[in-house]
Amino acid sequence: MQLNDQEIQRRNSLQELRKLGIDPYPAELFPVNVTTRKIKEEFDASPEKFKEVSIAGRIMNRRIMGKASFAELQDETGSIQLYIARDNICPGEDKTLYNTVFKKLLDIGDIIGVSGYVFRTKTGEISIHVETLKLLSKSLKVLPIVKEKDGKVYDSFSDPELRYRQRYVDLIVNPQVKETFIKRTQMVNAMRHFLSARGYLEVETPILQPLYGGASARPFKTHHNTLDMTLYLRIANELYLKRLIVGGFDGVFEFSKDFRNEGMSRFHNPEFTQVELYVAYKDYEWMMNLVEEMVEYVALQLHNTTKIPVGEHIIDFKRPWKRYTMYEAIQEYTGIDISNMTEEELVKTAEELGVKVDESMGKGKLIDEIFGETVEGNLIQPTFITDYPIEMSPLAKKHRSKEGLVERFEAIVNGKEIANAFSELNDPIDQRERFEAQLELGKRGDDESMVLDEDFLNALEYGMPPTAGLGIGIDRLAMIMTNSHSIQDVLLFPQMRPLKKKKEASIEDFTALGISPEWIPLLKEKGYDSPEAIRSAKASKLRNDLNGLRKKKKLKIPALSEEEVQAWIDKA
RNA sequence: GAUUCCGUAGCUCAGCCGGUAGAGCAACGGCCUUUUAAGCCGUGGGUCCUGGGUUCGAAUCCCAGCGGGAUCACCA
């Protein structure tokens, strides 16, 4: 492992600390009796409560001024300034703790615990006057230093790749990131509370499924050794939750991690979260009202208002939301009434509107494409779109009065679907026919069409009550509720392409060439990291590089002759 | 998958009509007991993503690769 100068420096400090009898990673607990937030919120009202505080956190900044210093201590809730005076933390003759430990051996990033009292400095900042200081964990890596003045951020740690790959660093140096994930959890908690309070049962259903269903998407495939069978990571949990409705639970929901083997983008991660809800004896009209109420409730819980800034827009979740049928929406945005068109007419219309079409598309898919292309992106404020073509919705009940449509709605916010729901199809014979129609689409080349699930049909044949079902994309909703530009910003650990790691040659690979061990680190430092690299080297250059480095590092090993180096190359 | 832009010190970036590297912060040494993007003086630190090409000479120009961003396409 190659260490840079500052990393070597910190490892040296670590050894120095041990020599002084200080354990850089002590085992015992450190008593914490306050948080930085509590101090900042309550000190002015009741300063007497903060005469003996004990607090722990990470050093984020240091300003050393001779016999006194200021430091920034960051805990989970925020940060506070420490005032550390030499003669306060070292009351006796021995000033080592201040002069050596604090000033020389501690670094930004170290985790410490301090005790003392809270006061205000001359410049008015609430600070802790430190009386005792203890190292709790030495940091060996250099943090990016983000500074801020008058709301302006300097040297921000903003490279998305680094932020996503090393989320822990992102969380340390970017406070607003922490805020986003707190909001996300609050959002899920609010929804859970909303649903539980209505008496619906939160359940867990299989993630590993022998058949994938309940949505149109390509799955991830895996294998169970003992059963010697293929299993799929679920793309949805719908069919399992409906089995539970058959079983007599009248309201069930699950926050479900689903997996879809599709492209990745700022709206798509291979694994994502949905909440699905099924309620017996209800229909999609009823469900629309629930969605409005729940999302409005979430907004109020998170922001104390229904108006939320998202990018350029202010989105208002106040009920009631606008409602359009799909045909009405298309007519509104294109001026074309497609409600009575044949498949040929739809293809022609789609092409006129600049919508791409291909052979595999049925009538429903064509309508859906036209909608997606011409309407969806324009729906910024929360809007319900109802009554979808039957071909696109094999699990939804036929519309009670409109031929060729189903009782389905989607909720669209900021140009993206956040919820999808329908009156669930409970006619087992109709359901079987719909699955078979999907199989036909599959033969036409639509590789996202659904497969036939016999056991699910078996459940329906026992009789499922009329049921309303709902799915809400948690990540999408979290993006809106936290004003995040991409899904990666609301996932703690978004999927990333793995870093290519060079396989490292072992010590033996080098010693086998007759190279003595003390030269190996120097070889690696100069980029000769494998026997192959040595084989293609020129003896004079290699010798020069190594002896140069030896001199620069003032190493007390004998210099190399060209013959020695040539011998390595010949062997390699 | 397509288009496009980017890859220089631990971090943020400058240098790019060719002459082998700079700034601020961070680090190191020194001064400083209420400062705050602390300050002042001094020092060290770089396979300029990788590989090839053009050239007397490449961080800079050309080609290929790797990695990443953005936009678009498919899926939630």
Side-chain angles (χ1 to χ4, degrees), chain A residues 2-10 12-13 61-72 81-88 98 103-104 107-109 119-125 127 129 141-165 169 173 215-219 235-236 256 258-274 356 358 369 372-373 410 412 416-420 446-448 471-477 479 485-488 496-500 502 524-529 533 545 552:
Chain A
Q2 288 297 335
L3 298 176
N4 66 44
D5 276 2
Q6 293 189 45
E7 290 169 337
I8 291 166
Q9 187 67 39
R10 287 179 180 222
N12 290 341
S13 295
N61 190 0
R62 282 196 307 174
R63 298 179 289 279
I64 295 174
M65 307 181 314
K67 296 181 191 67
S69 301
F70 290 91
E72 208 65 36
Q81 178 169 268
L82 304 180
Y83 175 71
I84 301 168
R86 187 190 69 184
D87 296 336
N88 284 296
Y98 183 78
K103 275 169 66 174
K104 303 236 166 69
D107 293 289
I108 290 175
F119 75 113
R120 235 179 225 286
T121 61
K122 281 179 189 166
T123 48
E125 181 157 346
S127 308
H129 193 116
K141 282 273 186 185
V142 184
L143 282 175
I145 310 290
V146 180
K147 295 202 169 178
E148 193 202 320
K149 189 183 188 183
D150 302 331
K152 192 163 180 235
V153 176
Y154 297 80
D155 297 342
S156 70
F157 179 64
S158 57
D159 180 348
E161 165 161 32
L162 282 170
R163 289 183 46 228
Y164 301 150
R165 287 193 197 278
V169 176
V173 304
S216 307
R218 282 172 293 173
I235 59 172
S256 162
D258 293 339
F259 304 83
R260 298 190 184 173
N261 208 339
E262 309 273 0
M264 289 164 64
S265 74
R266 75 184 178 92
F267 290 106
H268 301 91
N269 193 63
E271 53 183 293
F272 68 103
T273 307
Q274 293 198 80
K356 280 185 207 146
D358 69 58
E369 289 291 324
E373 195 67 31
E410 290 191 359
I412 296 173
K416 283 280 169 187
E417 172 196 341
I418 62 156
N420 179 15
D446 183 346
D447 58 5
E448 284 157 4
I472 293 184
I474 293 294
D475 312 289
R476 293 274 174 90
L477 189 58
M479 283 170 67
H485 179 70
S486 73
I487 195 169
Q488 286 77 18
M496 302 288 285
R497 185 176 272 110
L499 289 172
K500 286 264 161 46
K502 273 197 239 163
K524 287 187 178 172
E525 190 167 338
K526 274 288 170 190
Y528 302 96
D529 52 3
D545 282 349
K552 186 169 154 196

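Chain letters run A, B, ... following the sequence lines, proteins first and then strands; every chain starts at 1.
- Residue Ile108(A) contributes atom CD1, which lies 14 Å from atom C1' of C28(B) at whole-angstrom precision.
- Taking the C1' atoms as reference points, U50(B) lies 16 Å from C6(B), given to the whole Å.
- Proximity of Gln81(A) to Glu72(A): side-chain heavy atoms (C-beta onward) are separated by under 4.5 Å at one or more points.
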Grab the N/O contacts between the protein and nucleotides 5-13 of chain B below 3.5 Å, and write none if there aren't any.
unit_1	atom_1	unit_2	atom_2	d
G10(B)	O4'	Asn4(A)	ND2	3.4

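- Separating the NZ atom of Lys147(A) from the C1' atom of U35(B) is a distance of 12 Å, rounded to the nearest angstrom.
- One can place OH of Tyr164(A) at 13 Å from P of G68(B), the figure rounded to the nearest angstrom.
- In this structure, CZ in Arg218(A) is found 11.5 Å from CD1 in Ile235(A), a value given to the nearest 0.5 Å.
- A gap of 8 Å separates the C1' atoms of A21(B) and G46(B), to the nearest Å.
- When the P atom of U36(B) is taken as reference, atom CG of Leu82(A) falls 17 Å away, rounded to whole Å.
- Of the P atoms belonging to U4(B) and A9(B), the separation is 27 Å, rounded to the nearest Å.
- Set against A76(B), U35(B), A27(B), the side chain of Arg62(A) has A27(B) as its closest nucleotide.
- Here the straight-line distance linking atom NZ of Lys103(A) with atom NZ of Lys67(A) works out to 8.0 Å at 0.5 Å rounding.
- With P as the reference atom, C62(B) and U55(B) are 16 Å apart, rounded to whole Å.
- Judged by distance alone, the side chain of Arg63(A) and the main-chain N or O of Phe70(A) form no donor-acceptor pair under 3.5 Å.
- Side-chain N/O atoms of Asn61(A) include one lying less than 4.0 angstrom from OP1 or OP2 on A38(B).
- A64(B) is paired with U50(B) under the criterion used here, namely a Watson-Crick or G-U wobble arrangement in which both key atom distances are under 3.5 Å.
- Note on ring orientation: taking the six-membered ring where Trp is involved, the planes of Phe119(A) and Tyr83(A) are perpendicular (angle over 60°, cut-offs 30° and 60°).
- Rounded to the nearest 0.5 Å, atoms CD (Gln6(A)) and CG (Asp107(A)) are 8.5 Å apart.
- Protein atom CZ of Arg10(A) is 9 Å distant from nucleotide atom C1' of A27(B), rounded to whole Å.
- Each of A38(B), A76(B), G67(B) was ranked by its minimum atom distance to the side chain of Arg476(A); first place goes to A76(B).
- Rounded to a whole angstrom, the distance from the C1' atom of G57(B) to that of C49(B) is 22 Å.
- For U35(B), neither phosphate oxygen OP1 nor OP2 lies less than 4.0 angstrom from any side-chain nitrogen or oxygen of Arg63(A).
- Using a distance-only test at 3.5 Å, with no hydrogens or angles considered, a donor-acceptor pair links the side chain of Gln488(A) to the main chain of Ser265(A).
- Heavy atoms of Asn12(A) sit nowhere under 4.0 angstrom from any nucleic acid atom.
- Between G45(B) and U3(B), the two P atoms lie 44 Å apart (nearest whole Å).
- Heavy-atom minimum distance, Ala236(A) versus Arg260(A): CB-NH2, 4.3 Å.
- Distance Asn269(A) CG to C74(B) P: 19 Å, rounded to the nearest Å.
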Checklist entry - What is the per-nucleotide protein-contact pattern of nucleotides 29-34 of chain B, from the 5' end, where B denotes a base atom under 4.0 Å from a protein heavy atom, S denotes such proximity for sugar-phosphate atoms only, and - denotes neither? => result SS-BBB
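- Atom-to-atom, CD of Glu148(A) to C1' of G24(B) comes out at 18 Å; the value is rounded to the nearest Å.
- For Thr123(A) (side chain) and Thr121(A) (main-chain N/O), no donor-acceptor pair under 3.5 Å exists by modelled atom type.
- Judged by Watson-Crick or G-U wobble contacts below 3.5 Å, the nucleotide A59(B) has no partner.
- Regarding Glu72(A), its CD atom lies at a distance of 16 Å from the C1' atom of A26(B), rounded to whole Å.
- The same atom, C1', is picked in A26(B) and in U12(B); the two are 11 Å apart, to the nearest Å.
- RNA chain B is contacted by both Ser127(A) and Glu369(A); Ser127(A) maps to the nucleotide lying nearer its 5′ end (nearest heavy atom per residue).
- The nucleotide G44(B) finds no pairing partner, because no Watson-Crick or G-U wobble arrangement with both distances shorter than 3.5 Å includes it.
- A heavy-atom distance below 4.5 Å is found between the side chains of Met479(A) and Phe267(A).
- Between Asn269(A) and Asp475(A), the closest side-chain pair of non-hydrogen atoms is not below 4.5 Å.
- Looking at Arg62(A), its side chain never comes within 3.5 Å of a backbone N or O of Ile108(A) through a donor-acceptor pair.
- G44(B) and C56(B) have their P atoms separated by 36 Å, given to the nearest Å.
- Across all strands shown, C25(B) is found opposite G10(B) as a Watson-Crick or G-U wobble partner, with both distances under 3.5 Å.
- Judged by Watson-Crick or G-U wobble contacts below 3.5 Å, the nucleotide G1(B) has C72(B) as its partner.
- Nearer to the 5' terminus of RNA chain B, by closest-nucleotide assignment, is the contact made by Glu125(A) (compared with the other of Arg266(A) and Glu125(A)).
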